[in-house]
Structures are given as C-alpha cells and as structure tokens.
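Some notes on the structure that comes next.
Treat the numbers as computed from the prediction; the structure is a model and nothing was measured.
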Amino acid sequence: GVSHVLTLVLQELSLLCKRDVNGVGVLYDLLRSRWLQALLKIYECLQHYLGKRPAPVTLQARALTREVVELLHEAPQSGEIKELRRLLRAPHLKAALLSAHDTVAQKDFEPTLPPLPDNIPENEEAMRIVCLVKNNQPLGATIKRHEITGDITVARVIHGGLADRSGLLYAGDKLVEVNGVPVEGLEPEQVINIL
C-alpha cells in the first residue's frame, strides 16, 4: 500500500541525500517524520475499512431479542436480569432501534406494492400503480367525483406538494384503489379519510 511506496521513496531519497542534492535532505526528513507515517497508516486503515463493507450479524434482531427476553424469564431472577429484560422490552429499543436495524439489514427500504387486481378492464389504455409515502405530510392533491362517469379522479395537483414533487399523480387521473381499498362507489370525503 501507501506505506510500501513511502519506504521505496525514502530509500531512493537516502541515496540522493548522500550525493547532497538541493532540498533532498528536507524532503527526506519530511517523509521520515512520525506524524506523516501515522497519517499514512490511518489512511491505509480507512481504505481497508471502506473496502470491506460491514455485514449484519443477524437479519432478525427483533425476533432474537424476543427469544432472549423469553430465556431471561426462565433464568434465575437477579437485579441485572430484571434490568436487561426491562431494557429489551422498552418500546424505543424494539420499535425504533431494532426495527431500523432489521430494515437496513434486510435492505427493505422500499414500500411493497400490492399485486395487480385480477379484474382490470381490457379496454383500459393504461394503469399505473403509484406508491407515495406521506410521513404525516399532506398529499398535495385534491380529488372529485367525475360528473359523467362517477369515478373518483384527481381534481388538481398542488404545486410543491408531495404529489407534485413525486411526478406520479396528474389532474384527471382516475383512482381505482387507495391503500388497498377499492374506491368505486365511495364518496370523495370517504376516500380522503383513507388517504
């Protein structure tokens, strides 16, 4: 690595230093300095670490935690065991930390889409499945009932809203299903509650 190259450079410079070439002594001293050697070792360690990606020990930390809590329940009860059980059952550990770990370990970042419905009319030109994750923010679109067909459609997409930023919903789009619930026959207000 880099340390090996530095060693070769130092050997070459030591030969030039004996010949008293201008500035070689300063360069030789610089490259031999302990702080530069330490920095290069740190650099090599970082490069080595970046080269090998850390892998999770388990993909199911939440399930493993449940097993450990059950085993601790059967063990002789001491203050430490009671404290460990309390910590492992704490909602912030289970819901936040372990759930996030399992999501990352399983590389399960995207929401899963339901399968396509079997009863898609053959005369439809195109159907898109749109998945928007709202995270407590408004959708940024309004809906209405089409005057002629009675379908629930997107009335307008609000500029800068979630629907607009995603580029997935357009005014005039017909809503067939929302969050797995068919919207045919529902009132717009009922669909808004599902959204």
- [ ] Nearest 0.5 Å please: distance from the OG atom of S166 over to the CG atom of L139.
- [x] 8.0 Å

Task: Whether D173 side chain and Y170 backbone form a donor-acceptor pair below 3.5 Å - done: yes

Open item on the list: Please determine whether side-chain contact (heavy atoms from CB on, under 4.5 Å) holds for the pair R85 and Q77, giving the CA-CA distance in whole Å, both sets of side-chain angles, and the decisive distance to 0.1 Å.
Closed with: CA-CA 10 Å; R85 281 183 54 215; Q77 297 300 303; 3.4 Å; yes

Open item on the list: Tell me the closest heavy-atom pair linking V154 and L175, and the distance in Å.
Closed with: CG2-CD2, 4.2 Å

Task: Nearest-0.5 Å distance, CZ of residue R89 to CG of residue L72 - done: 9.5 Å

Task: ILVMFWY cluster, V130 and L162 together (side-chain gap under 4.5 Å) - done: yes

Task: Test salt bridge (Lys or Arg N to Asp or Glu O under 4.0 Å) applied to D164 - qualifying residues, sequence neighbours left out - done: none

TODO: Evaluate the side-chain contact (heavy atoms from CB on, under 4.5 Å) criterion for residues I194 and I192: first the C-alpha distance (whole Å), next the side-chain angles of each, then the deciding distance (0.1 Å), finally the verdict.
DONE: CA-CA 5 Å; I194 299 170; I192 288 171; over 6 Å; no

Open item on the list: For G160, is there any backbone N or O sitting under 3.5 Å from a side-chain donor or acceptor partner on R165?
Closed with: yes

Open item on the list: Salt bridge check, R86 against E83: does any charged N sit closer than 4.0 Å to a carboxylate O?
Closed with: yes

Open item on the list: With salt bridge (charged side-chain N to carboxylate O under 4.0 Å, His left out) as the test, pick out the partner of R145 among E184, E189, E187.
Closed with: E187

Open item on the list: When you group the ILVMFWY residues by side-chain heavy-atom contacts below 4.5 Å and let the links chain together, are V178 and V181 in the same group?
Closed with: yes

Open item on the list: I need the Q60 CD to T65 OG1 distance, nearest 0.5 Å.
Closed with: 10.5 Å

Open item on the list: Count I, L, V, M, F, W, Y as connected when their side-chain heavy atoms are under 4.5 Å apart, and connections chain through other members. Are I42 and L40 then in the same cluster?
Closed with: no

Open item on the list: Would you compute the distance between atom CG of N193 and atom CG of N179 and round it to the nearest 0.5 angstrom?
Closed with: 12.0 Å

Open item on the list: For A163 versus A141, what's the shortest heavy-atom pair and its separation?
Closed with: CB-CB, 4.2 Å

Task: Approximate separation, where rounding is to 0.5 Å, of I158 CD1 and L169 CG - done: 11.5 Å

Task: T153-D151 side chain donor-acceptor pair, cut-off 3.5 Å - done: no

Task: Closest contact, heavy atoms only, P188 versus I143 - done: O-CD1, 3.5 Å

Open item on the list: Within the 4.5 Å heavy-atom criterion, are L88 and V68 side-chain neighbours or not?
Closed with: yes

